[in-house]
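Position 1 is the first residue of the sequence; numbering continues from there. These numbers come from the heavy atoms of this one structure, side chains and all, not from hydrogens, waters or symmetry mates.
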Amino acid sequence: YGDFQCPACGAYYPLVKKLLEEYGDKIEFTYRHFPLSQHAQADLAARASEAARRQGKFVEMYDWLYVNQEHWANQSDARDKFVSYAQILSLDLDKFQQDLDNQEIETKIKSEYQEGVQRGVSGTPTFFLNGRKLTANPRSYDEFKQLIDRALQD
C-alpha cells in the first residue's frame with residue numbers, strides 16, 4: 001500500500017523498481033492506493049495514476065510520480081503538473097483530465113484504502129508478501145531480497 005506523496009514511499013521506489021527488474025516475472029507487484037490525509041496531493045496523484053491506467057500507462061505514471069515527487073508534492077494544487085506528465089506520456093489529455101474527476105476512479109481508490117485499513121495498514125509504505133503483512137519494512141535492498149528469496153523457496 002502506498003501514497004505517491006509519502007517521502008518514505010518515494011525512498012522505497014528505487015528498491016522496488018530494482019527488485020522488479022531483477023526478479024522479472026518470478027514475482028508480481030501490486031500497488032494499492034493508501035493516500036494519507038496529511039498529504040494534500042496524495043489523492044489527486046492516485047487519481048492521476050488511475051486516469052493513466054485507463055489509457056494503459058499506469059506504470060509509466062507511477063514512475064513519473066515517484067521520480068518527480070519533489071517537484072509536485074509541496075504544491076497547493078498539482079493538477080497542472082500531472083497534466084504535464086500525461087502530455088509527456090502521450091496520453092489523450094481531454095480524457096485524462098475528465099478521468100481525474102471520474103467517480104469510478106475515486107471509488108476504486110477509497111475502496112483500496114478501506115481494504116488496507118481492514119488488513120491492518122495504518123501508514124505507508126506497507127508491504128505484503130504472499131498475502132501476509134510484513135511486520136516491519138525491510139531496511140535495505142538486500143533485506144528485501146532475502147525476504148523474497150525465502151518466499152520463493154516456500
Side-chain angles (χ1 to χ4, degrees), residues 1-75 78-79 81-91 96 100 105-154:
Y1 287 84
D3 170 337
F4 286 109
Q5 192 173 353
C6 166
C9 293
Y12 272 93
Y13 165 77
L15 298 180
V16 170
K17 185 127 179 104
K18 185 175 177 185
L19 288 165
L20 291 171
E21 288 169 1
E22 181 172 338
Y23 285 94
D25 61 0
K26 292 180 187 173
I27 63 171
E28 180 179 321
F29 175 72
T30 303
Y31 185 89
R32 302 240 187 255
H33 298 288
F34 203 82
L36 300 171
S37 59
Q38 66 264 35
H39 295 145
Q41 302 304 313
D43 183 65
L44 183 60
R47 288 187 279 138
S49 73
E50 289 300 323
R53 182 190 305 275
R54 288 186 164 204
Q55 296 186 50
K57 300 265 181 127
F58 173 82
V59 172
E60 293 85 348
M61 183 62 80
Y62 164 91
D63 288 340
W64 271 96
L65 291 170
Y66 278 124
V67 168
N68 295 291
Q69 187 183 65
E70 66 189 48
H71 299 293
W72 60 265
N74 294 318
Q75 293 187 356
R79 183 178 289 260
K81 190 60 86 173
F82 298 154
V83 169
S84 75
Y85 297 161
Q87 186 172 18
I88 291 166
L89 295 173
S90 300
L91 299 180
F96 178 81
L100 280 176
I105 286 176
E106 187 65 31
T107 299
K108 178 185 190 304
I109 293 164
K110 286 180 179 177
S111 175
E112 288 184 7
Y113 182 91
Q114 288 305 317
E115 175 191 280
V117 170
Q118 292 170 359
R119 295 182 77 191
V121 176
S122 59
T124 57
T126 298
F127 294 99
F128 285 74
L129 188 58
N130 288 340
R132 289 186 300 253
K133 180 181 168 197
L134 298 183
T135 54
N137 286 339
R139 293 176 301 233
S140 68
Y141 175 79
D142 289 333
E143 194 174 307
F144 221 140
K145 190 173 171 354
Q146 288 173 359
L147 289 171
I148 292 170
D149 287 343
R150 278 198 297 266
L152 288 172
Q153 291 172 355
D154 290 344

Donor-acceptor contacts under 3.5 Å from residues 10-20 side chains, at least two apart:
unit_1 : atom_1 : unit_2 : atom_2 : d
Y12    : OH     : P138   : O      : 2.3
Y13    : OH     : D63    : OD1    : 2.8
K17    : NZ     : D63    : OD2    : 3.3

Run the side-chain donor-acceptor check on residues 120-130: report pairs under 3.5 Å with partners two or more places apart or on a different chain.
unit_1 : atom_1 : unit_2 : atom_2 : d
T126   : OG1    : G123   : O      : 2.6

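Each of W72, F58, Y85 was compared with W64 under the ring pair (Phe, Tyr, Trp, His ring centres under 6.0 Å) criterion, and only Y85 meets it.
The side chain to side chain contact (heavy atoms under 4.5 Å, CB included) test applied to R132 returns no partner, not counting sequence neighbours. Q75 pairs by the side chain to side chain contact (heavy atoms under 4.5 Å, CB included) definition with A78, K81, not counting sequence neighbours. A46 is linked by a side chain to side chain contact (heavy atoms under 4.5 Å, CB included) to H33, I109, counting only residues two or more places apart in sequence or in another chain. Listed by chain and number, the residues in a side chain to side chain donor-acceptor pair (under 3.5 Å) with E112 are K108 (sequence neighbours excluded). With sequence neighbours excluded, the residues forming a salt bridge (charged side-chain N to carboxylate O under 4.0 Å, His left out) with R54 are D99, E104, listed by chain and number. Legend: residues meeting side chain to side chain contact (heavy atoms under 4.5 Å, CB included) with A48, ordered by chain and number and at least two apart, are F82, F96, L100. Considering only residues two or more places apart in sequence or on other chains, Y1 meets the side chain to side chain donor-acceptor pair (under 3.5 Å) condition with E115. Every residue two or more places apart in sequence or in another chain that forms a side chain to side chain donor-acceptor pair (under 3.5 Å) with Y31 is listed here: Y66. Annotation: side chain to side chain donor-acceptor pair (under 3.5 Å) contacts of R79 (sequence neighbours excluded): D101.
Scanning all heavy atoms of the two residues, the minimum distance from P7 to H39 falls at CD-NE2, 4.1 Å.
For the atom pair CD (Q146) and OG (S140), the distance works out to 7.0 Å, reported to the nearest 0.5 Å. Of the inter-residue distances, the one linking Q5 atom CD with D43 atom CG reads 10.5 Å to the nearest 0.5 angstrom. In this structure, CZ on F34 lies 8.0 Å from CD on Q114, to the nearest 0.5 angstrom.
Panel note: side chain K57, backbone L91; no donor-acceptor pair is recorded below 3.5 Å. In this structure a side-chain-to-backbone donor-acceptor pair under 3.5 Å is present from D3 to C6. Between the side chain of E106 and the main chain of R47, no donor-acceptor pair closer than 3.5 Å is present.
Surrounding CD of E28 are at most 12 heavy atoms belonging to other residues, nucleotides or ligands under 6.0 Å away. Within 6.0 Å of atom NZ in K110, 12 or fewer heavy atoms from other residues, nucleotides or ligands are found, so the atom counts as exposed in its surroundings.
Between F144 and N137 there is no side-chain heavy-atom pair separated by less than 4.5 Å.
E50 and R53 are joined by a salt bridge, as a carboxylate oxygen and a charged side-chain nitrogen come within less than 4.0 angstrom of each other. Here D154 does not pair with R150 in a salt bridge; the nearest charged N to carboxylate O distance is not below 4.0 Å.
Applying the salt bridge (charged side-chain N to carboxylate O under 4.0 Å, His left out) test to residues at least two apart or on different chains, the pairs with a partner in residues 134-148 are E22-K145, R139-E143, K145-D149.
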